Protein chains: 2
Amino acid sequence: MLEMQIGVIEVPTRKTLLVQKIEEQILSGKLRVGDPLPSERQLQEETHISKTVIHAALVELEQKGFLEITPRRGAIVANYTESGTMETLNARIRLNGGNMTKKQSHSFMEARIAIEGAALRRLAERHTDEDLAYLEAIIDQADALLEQKEPDAAALSEVLFRYHRGICLRSGNEFFPLLLNEFRPIIMEFWLRSIAVFGAASNVHLAKRYLELIRAGDAEGAFHRLERSVNEYLSCLDEQ
Amino acid sequence: MLEMQIGVIEVPTRKTLLVQKIEEQILSGKLRVGDPLPSERQLQEETHISKTVIHAALVELEQKGFLEITPRRGAIVANYTESGTMETLNARIRLNGGNMTKKQSHSFMEARIAIEGAALRRLAERHTDEDLAYLEAIIDQADALLEQKEPDAAALSEVLFRYHRGICLRSGNEFFPLLLNEFRPIIMEFWLRSIAVFGAASNVHLAKRYLELIRAGDAEGAFHRLERSVNEYLSCLDEQ
DNA sequence: TCCAACATTTGGTCCGACCAAAGGACGGGC
DNA sequence: GCCCGTCCTTTGGTCGGACCAAATGTTGGA
């Protein structure tokens with residue numbers, strides 16, 4: 001029997017649509033940095049959306065770093081290269097179809113080495129059996145996925161994300177796992193590609209390798225292993 | 001004449017108060033991860049605040065990573081160690097009177113070394129005259145503040161933040177300055193303390209020292225200078 | 001020419017009502 | 001006894017109108 005797959009149909013709210021519309025205008029260059037936005041009442045008239053929702057959308061865009069709102073003066077397009085946060089970057093990548101530029105990819109990998117590398121080092125130097133058990137449990141989940149004849153790449157990406165966030169979590173640094181959460185959509189995309197390029201088994205094997213190096217207390221070894229795999233990925237990316 | 005300083009009196013909105021109240025309940029443990037919140041209408045009845053405002057508050061808490069809202073089902077307390085971002089942490093610190101725990105301070109400094117250290121290294125290895133001029137211009141602003149007999153600590157903190165973000169910006173990595181923006185409130189608090197402890201002049205002098213090391217192309221020197229100043233600050237903190 | 005008084009516009013906040021969808025309760029058909 | 005529509009209740013999302021205080025623009029008199 002032929003099974004039809006439609007999947008979940010998400011109904012976007014008006015607020016979401018308005019946010020995306022304005023993001024688009026800004027990122028496409030139709031609205032430039034410093035340009036003033038129409039007043040909330042003008043937007044209300046244009047879009048036939050209530051002022052309450054308009055206001056909520058503008059506040060969300062401000063939190064994302066796209067706008068600069070001054071009470072009783074209006075909103076202007078913010079210099080999002082300066083005031084932006086990771087959410088701004090996520091929105092930029094999402095509007096680009098989920099694809100990063102090469103420079104962004106290199107920046108991302110550099111940031112990954114800086115953060116996860118520091119976590120790896122620290123965890124190798126100082127860890128408990130509980131830390132190791134925590135990571136092993138996640139590895140087991142990855143192994144379970146590998147046993148299927150057609151491993152689910154999305155599910156495996158999720159597990160790999162949790163594994164590497166686990167490294168940050170168990171490093172004892174309270175900031176590192178939160179930073180990884182900020183990167184989440186970008187990291188998930190990265191793992192999907194990595195699985196597509198190097199295969200599912202290879203990625204899980206690498207994860208196990210980190211665990212061995214941590215258990216052995218080899219901080220420098222773990223760090224260099226990360227550097228090496230990053231460079232492999234980047235050189236593979238540059239070839240395309 | 002004796003000048004009395006009162007400062008700006010901010011009138012908190014109902015929305016703000018409600019957000020803080022719920023944050024408090026969550027962080028104090030009265031509301032645990034997975035617990036359902038009362039419906040918006042129940043909250044309306046309890047608090048005598050209109051549903052629009054209630055709704056806006058809940059959405060803000062969702063963006064901060066404290067809640068998980070499902071349309072037509074309700075809101076539950078999110079696992080903020082899983083879904084939390086830097087904003088969650090900022091909220092936690094703010095509710096603690098703006099004071100970080102010692103562990104948080106150490107985590108922060110470690111993260112700073114990881115990120116800003118990488119930026120310093122890269123900028124020292126590869127920079128243009130324009131990069132140097134950019135940073136010099138910010139240093140000049142700091143010097144201008146120093147010339148006043150009673151330097152404004154808040155203004156100087158702002159300049160120091162822009163300076164160090166400038167280092168990340170000019171490093172060429174697109175992620176680093178965004179990460180610093182996420183840290184912003186924490187970093188500002190840090191500079192205020194650093195100025196209080198070591199003095200304004202000392203902090204500006206240190207900033208100039210980084211510039212010299214960058215100009216000389218001394219990547220390792222710049223990195224170790226950062227490590228050293230971080231350790232000085234931390235040991236000073238531990239004494240208290 | 002200057003400046004004080006007034007009018008307009010702005011974002012921020014609040015209200016009470018309505019909407020569509022999800023879940024539960026009910027009941028008829030097998 | 002079990003299944004599956006049908007109805008009702010509850011839910012978050014939206015709406016349009018209202019008011020506020022501050023910033024800006026305009027006017028008119030000295």
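Predicted, not measured: the structure shown is a model, and the values here were computed from it. So that the names make sense, note that chain A is the first sequence line, chain B the second, and so on, each numbered from 1.
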Which part of the nucleic acid does B:Ala75 contact within heavy-atom distance under 4.0 Å: base, sugar-phosphate only, or nothing?
sugar-phosphate
Quick one: which of C:dG12, D:dC15, D:dT11 gets closest to the side chain of A:Arg14?
D:dC15
Can you measure B:Gln42 atom CD to D:dT9 atom P for me and round it to whole angstrom units?
17 Å
With a non-hydrogen cut-off below 4.0 angstrom, is A:Ile49 in contact with a base, only sugar-phosphate, or nothing?
sugar-phosphate
In this structure, how many angstroms lie between the P atom of D:dG13 and the CG atom of A:Leu17, rounded?
14 Å
A:Val53 side chain, from C-beta outward: closest of D:dT14, D:dG13, D:dT11
D:dT14
B:Arg73 has a side chain; which of D:dT14, C:dT10, C:dA22 sits nearest to it?
C:dA22
Can you check whether B:His55 has a side-chain N or O nearer than 4.0 Å to OP1 or OP2 of D:dG12?
no
Whole angstrom is fine here: how far is it from NZ in A:Lys51 over to C1' in D:dC20?
11 Å
Side chain to side chain, B:Glu189 and B:Met100, heavy atoms closer than 4.5 Å:
no
Taking only Lys NZ, Arg NE, NH1 and NH2, and the carboxylate oxygens of Asp or Glu, determine whether B:Glu23 and B:Arg94 approach each other closer than 4.0 Å.
yes
Counting only side-chain nitrogens and oxygens, does B:Ser50 get under 4.0 Å of the OP1 or OP2 atom of C:dC15?
yes
Reading DNA chain C from 5' onward, which residue's closest nucleotide shows up sooner: B:His48 or B:Arg41?
B:His48
Spacing between B:Ile54 atom CD1 and D:dT11 atom P, to the nearest angstrom:
13 Å
Any salt bridge linking A:Arg73 with A:Glu68? Criterion: basic side-chain nitrogen under 4.0 Å from a carboxylate oxygen.
no
Separation of A:Leu89 CG from A:Phe108 CZ (nearest 0.5 Å)
10.5 Å
Check the distance between C:dG11's P and A:Leu58's CG and give it to me in whole angstrom.
8 Å
A:Gln44 atom CD is separated from D:dT14 atom P, nearest whole Å, by 15 Å
Between A:Arg72 and B:Gly74, just flag the one whose closest nucleotide in DNA chain D comes earlier from the 5' side.
B:Gly74
Length of the CD1-P vector between B:Ile69 and C:dA22, whole Å:
17 Å
Regarding A:Lys15, tell me which of base, sugar-phosphate or nothing describes its non-hydrogen contacts under 4.0 Å with the strands shown.
sugar-phosphate
Nucleotide nearest A:Ser39 when distance is taken to its side chain, options C:dT10, C:dC14, D:dT14
C:dT10
Decide if atom CD of A:Glu45 counts as having more than 12 heavy atoms of other residues, nucleotides or ligands within a radius under 6.0 Å.
no
Counting side-chain heavy atoms from CB outward, which of C:dG12, D:dG13, D:dC15 is closest to A:Thr52?
D:dC15
Could you give the CD-to-C1' distance, from B:Glu68 to D:dG12, as a whole number of Å?
15 Å
